[in-house]
Amino acid sequence: MSCLRCSDVSRVRSLMRYALISDIHANLPALEAVLAHIDARSDVDATYHLGDLVGYAPWPNETVALLQQRAIPGVAGNYDSTVAADYEHCGCRYEDPRQEELSHVSYAWTRAHVSPDTKCFLGGLPFRVDLRPLGGHASGPTVFLLHGNQVLNTVYVFEERPDAFLEKMRDALGARAGDVVAFGHTHKPWHRVVDGVSFVNTGSVGRPKDGNPKAGYVLLDVDHDGTRAEIVRVAYDIERAARAILASDLPDDFADYLRTGGRMAHADAQG
Ligand SMILES: [Fe+2]
């Protein structure tokens, strides 16, 4: 994808527009739909992923290959780093025994099916990426890309977290008013400004759990005047993903999870 900031000389502006995609979870149809949606806009300067590329759906290698092909950089989610490190579990939280059982099946399936190249790629993902949209040679906002929080990619930063929790994140990162802290992991998108710092949860491309089955991503605009985050939802071929899950050795429940946006019974596992 060409960089509009460089190629479109007629566009006189200082704005940078990022597409932030997270928690794809090996759902290739959802990823393809989101990338097509981003491409169709033709006003996105750069796309970054916020981790959890694999797990729960049957296209881990294809998902990583597409991100490599598109040269989309990003950070390591808990699923990525645990698969790469042969850790004993995915670092996910479970709120009922059924989901814990299913998640262990997903983790074992994913570990058995990732290629050596995919595993190597996952292990090479950085924990955190800092962007300076307006250039690092002058003062300007920083966009911090994480998966969980600034310490662990397994920490869930839910919308219900109090301001004090976010202020600790701000202080630990050294974030200042005008900066953006972006993360995923909960699969529920939200955006809140605390003391001038924007906290943006990018939701999930391939396994939303906010009751909306559409794939999700965030458009982030950064300018000298401030930042704006837009939560975007995209329809995709859910049944293609569901059929592939049913045809695989992954739990059949994962098909209904996609169809319901995580609102099925006993669907309290965090990703
Ligand atoms: Fe996840």
Side-chain angles (χ1 to χ4, degrees), residues 20-31 34 48-60 63-64 67 72 74-85 87 89-96 99-100 102-111 113-114 118 121-123 125-129 145-159 161 182-190 200-218 231 233 236 241 245 250-251 253-255 257-258 260-264 267-271:
L20 303 179
I21 62 176
S22 187
D23 295 272
I24 301 161
H25 283 299
N27 187 339
L28 189 65
L31 175 60
V34 163
Y48 288 84
H49 73 78
L50 278 68
D52 268 10
L53 308 183
V54 301
Y56 302 108
W59 292 282
T63 294
V64 166
L67 293 174
I72 295 174
V75 301
N78 56 294
Y79 229 104
D80 311 316
S81 56
T82 53
V83 165
Y87 195 58
H89 57 75
C90 66
C92 313
R93 193 175 76 185
Y94 316 104
E95 295 182 357
D96 79 56
Q99 281 302 311
E100 180 169 4
L102 296 181
S103 290
H104 286 317
V105 174
S106 166
Y107 187 62
W109 188 98
T110 301
R111 286 186 62 195
H113 287 81
V114 291
T118 294
F121 178 85
L122 296 176
L125 292 171
F127 177 79
R128 160 182 158 186
V129 168
L145 303 183
L146 307 163
H147 181 72
N149 80 347
Q150 74 286 351
V151 177
L152 293 168
N153 59 21
T154 54
V155 173
Y156 295 90
V157 184
F158 292 108
E159 187 170 13
R161 294 284 195 184
F183 42 88
H185 192 39
T186 71
H187 300 203
K188 294 180 179 180
W190 57 271
V200 180
N201 189 312
T202 51
S204 173
V205 170
R207 191 172 161 84
K209 60 168 304 177
D210 60 353
N212 181 350
K214 291 182 178 179
Y217 73 98
V218 158
I231 295 167
R233 304 304 284 260
Y236 75 98
I245 288 169
L250 287 164
D253 299 48
F254 293 171
Y257 198 103
L258 297 184
T260 61
R263 286 289 165 86
M264 56 182 287
D268 293 329
Q270 312 296 338

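Because only heavy atoms are used, hydrogens play no part in the values below, and waters and symmetry mates are left out as well, while side chains stay in. Remember, it's 1-based here, ligands and their atoms both numbered in the order they're listed.
For residue H25, an N/O/S atom approaches the Fe ion (ligand 1) to within less than 2.8 Å. In summary, no N, O or S atom of H185 is located under 2.8 Å from the Fe ion (ligand 1).
Here F183 pairs with W190 under the ring-ring contact (aromatic ring centres under 6.0 Å, His included) rule; sequence neighbours left out. For Y107, the ring-ring contact (aromatic ring centres under 6.0 Å, His included) test picks out Y79, with sequence neighbours left out.
Nearest N, O or S atom of D23 to the Fe ion (ligand 1): atom OD1. In terms of distance to the Fe ion (ligand 1), the nearest N, O or S atom of D52 is named OD2.
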Report the C-alpha distance between H49 and L125 in whole Å, list the side-chain angles of each, state the deciding distance to 0.1 Å, and finish with yes or no for side-chain contact (heavy atoms from CB on, under 4.5 Å). CA-CA 10 Å; H49 73 78; L125 292 171; 3.8 Å; yes

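Among H89, R93, H185, the one residue that satisfies the side-chain contact (heavy atoms from CB on, under 4.5 Å) test with N78 is H185.
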